[in-house]
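Computed from a prediction, not measured in an experiment: that's the story for all the values here. Protein chains get the first letters and strands the later ones, always in sequence-line order, with residue 1 at the start of each.
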Protein chains: 2
Amino acid sequence: MAERYSIGQMARIGNCKVQTIRYYEQIGLLPEPERSAGNQRIYNRAHMNRLGFIRHSRELGFSLDRIKEILALTDDPSHSCETVDQIARRHLLEVESRIKRLQSMRKELKRMIDRCSGNKVADCRIIEALSNHQLCLSERHPPE
Amino acid sequence: MAERYSIGQMARIGNCKVQTIRYYEQIGLLPEPERSAGNQRIYNRAHMNRLGFIRHSRELGFSLDRIKEILALTDDPSHSCETVDQIARRHLLEVESRIKRLQSMRKELKRMIDRCSGNKVADCRIIEALSNHQLCLSERHPPE
DNA sequence: TTACAACCTACAGTCGTTGTAGCTTCAAGA
DNA sequence: TCTTGAAGCTACAACGACTGTAGGTTGTAA
């Protein structure tokens, strides 16, 4: 019943290279999986999901250390509520700031594409839209 | 009238190190600025905005190569519409996929925090929420 | 006018990954 | 059953995007 995945299948679904997965194992982000008689790694669905989480988080720009921290929360249910609350809230603030910035990037890209369907790219304002120093500041001094 | 910024001020606003800015100059992502009599870099508002765009994009997980591509569009208004359209649309798809993933991350973080205000972290589902392989797949085979 | 922070170049080190070399294992068809 | 080619293994070097350090110079404010 238990699904079994080779490292190659993991890499395909995680949208990364085989070596990346071995690297995650090496630094303790993924647990050492079982091995086949011939010493090849055998993963299960839990590994797959964990890798999925890591890869999405990486693509969204979070550091491996940050990801490790979040995973630790979910690995050990004995964490105090304060700890979870602190880390999760901090992460949430960052996630929300990223959503905001991506939304303004989306708006400007759409504007660019629309305008282009006219004829000239003459005045592209994507830089102005995203240089927006207010956003930086609000991230560094979150309103609390 | 023209605002003048030192490399240190740039770094502060761009939320990065001074060396990072020199590095961007070195690889041609930022233009060489004027220099003072004593050979120190002098930036203006345009540099500032450009740096802001780069830094936001980086924090949102885009590669310098991708950023260079987008900046090239805005630098040279003589690009053909097809080029702009292609690159901008591709970027837009990725931005939208990231927004989606961040939104599901946000949802799970909120759930985590709420639940915690009860008492136990017992069942955290952030991994399941974000391992979501549908999302990967839809990104790699965007619905066209 | 001095003293100290901020700048300069040049180069080494780090993090997260990717590539290469040289070998072994697995699976599928002759 | 044999073989052959893809996929796996370890070990280690190289890459992209920074970050730190050394050793010196400039800018500014008391």
Acceptor/donor pairs from residues 24-32 of chain A side chains to any protein atom, 3.5 angstrom cut, sequence neighbours excluded:
residue: A:Tyr24; atom: OH; partner: A:Arg55; partner atom: NH1; Å: 2.9
residue: A:Glu25; atom: OE1; partner: A:Arg41; partner atom: NE; Å: 2.8

What is the nucleic acid contact for A:Arg58, judged by heavy atoms within less than 4.0 Å: base, sugar-phosphate only, or nothing?
sugar-phosphate

Does B:Gln19 get its side chain close enough to the base of D:dG20, under 3.5 Å, for a donor-acceptor pair?
yes

Would a distance-only check, ignoring hydrogens and angles, find a side-chain to backbone donor-acceptor pair under 3.5 Å from B:Asn44 to B:His47?
yes

Measure the shortest side-chain to side-chain distance between B:His56 and B:Phe62 over non-hydrogen atoms and say whether it is less than 4.5 angstrom.
no

Which residues share a salt bridge (charged side-chain N to carboxylate O under 4.0 Å, His left out) with A:Lys107, sequence neighbours left out:
none

Between A:Glu94 and A:Arg98, does a salt bridge (Lys or Arg N to Asp or Glu O under 4.0 Å) hold up when you go through it step by step?
CA-CA 6 Å; A:Glu94 240 180 79; A:Arg98 277 166 207 222; 2.9 Å; yes

Of B:Phe62 and B:Ser36, the one whose closest DNA chain D nucleotide lies more 5'
B:Phe62

Any residue meeting side chain to side chain contact (heavy atoms under 4.5 Å, CB included) with B:Glu69, in chain and number order, not counting sequence neighbours
B:Arg66, B:Ile87, B:Arg90

Identify all pairs in which a protein N or O lies below 3.5 Å from an N or O of nucleotides 28-30 of chain D, and state each distance.
none

Identify whether any heavy atom of B:Ile7 sits under 4.0 Å from a base atom; if not, whether one sits that close to sugar-phosphate; answer base, sugar-phosphate or nothing.
sugar-phosphate

Specify the separation, in whole Å, of atom CD of A:Glu32 and atom C1' of D:dT10.
14 Å

Distance to the ring centre below 6.0 angstrom and angle to the axis at most 45 degrees; does that hold for A:Arg50 and A:Tyr43?
no

With a 3.5 Å distance limit and no angle check, can you tell me whether B:Arg106 reaches the backbone of A:Ile99 through a side-chain donor-acceptor pair?
no

A:Thr20 vs A:Gly38, nearer the 5' end of DNA chain C by closest nucleotide:
A:Thr20

Euclidean distance, atom CG of residue B:Leu29 to atom C1' of D:dA17 [Å, nearest integer]
11 Å

Using whole Å, what does the distance between atom C1' of nucleotide D:dG8 and atom CD1 of A:Ile21 come to?
12 Å

Quick check for you: name the first and last nucleotides of DNA chain C, 5' to 3', having an atom under 4.0 Å from a heavy atom of chain B.
C:dC7 to C:dT9

Whole-Å distance, B:Arg66 CZ to D:dA17 P, equals 12 Å

Would you tell me if any nitrogen or oxygen in the side chain of B:Arg35 comes within less than 4.0 Å of OP1 or OP2 on D:dT25?
no

Gap between atoms CD1 and P, on B:Ile67 and D:dG16 respectively (whole Å)
15 Å

Could you work out which one of D:dC18, D:dC9, D:dT26 sits closest to the side chain of B:Arg55?
D:dC18

Hits for ring-ring contact (aromatic ring centres under 6.0 Å, His included) against A:Tyr5, two or more places apart or cross-chain, chain-then-number order -> none

How many Å lie between CE on A:Met10 and P on D:dG8, as a whole number?
11 Å

Which whole-number value in Å describes the distance from B:Arg41 CZ to D:dT25 C1'?
14 Å

Using modelled atom types only, decide if a donor and an acceptor are shared between the side chain of B:Gln9 and the backbone of B:Ser6 within a distance under 3.5 Å.
yes

Atom-pair distance (NZ on A:Lys17; P on D:dG16), nearest Å
13 Å

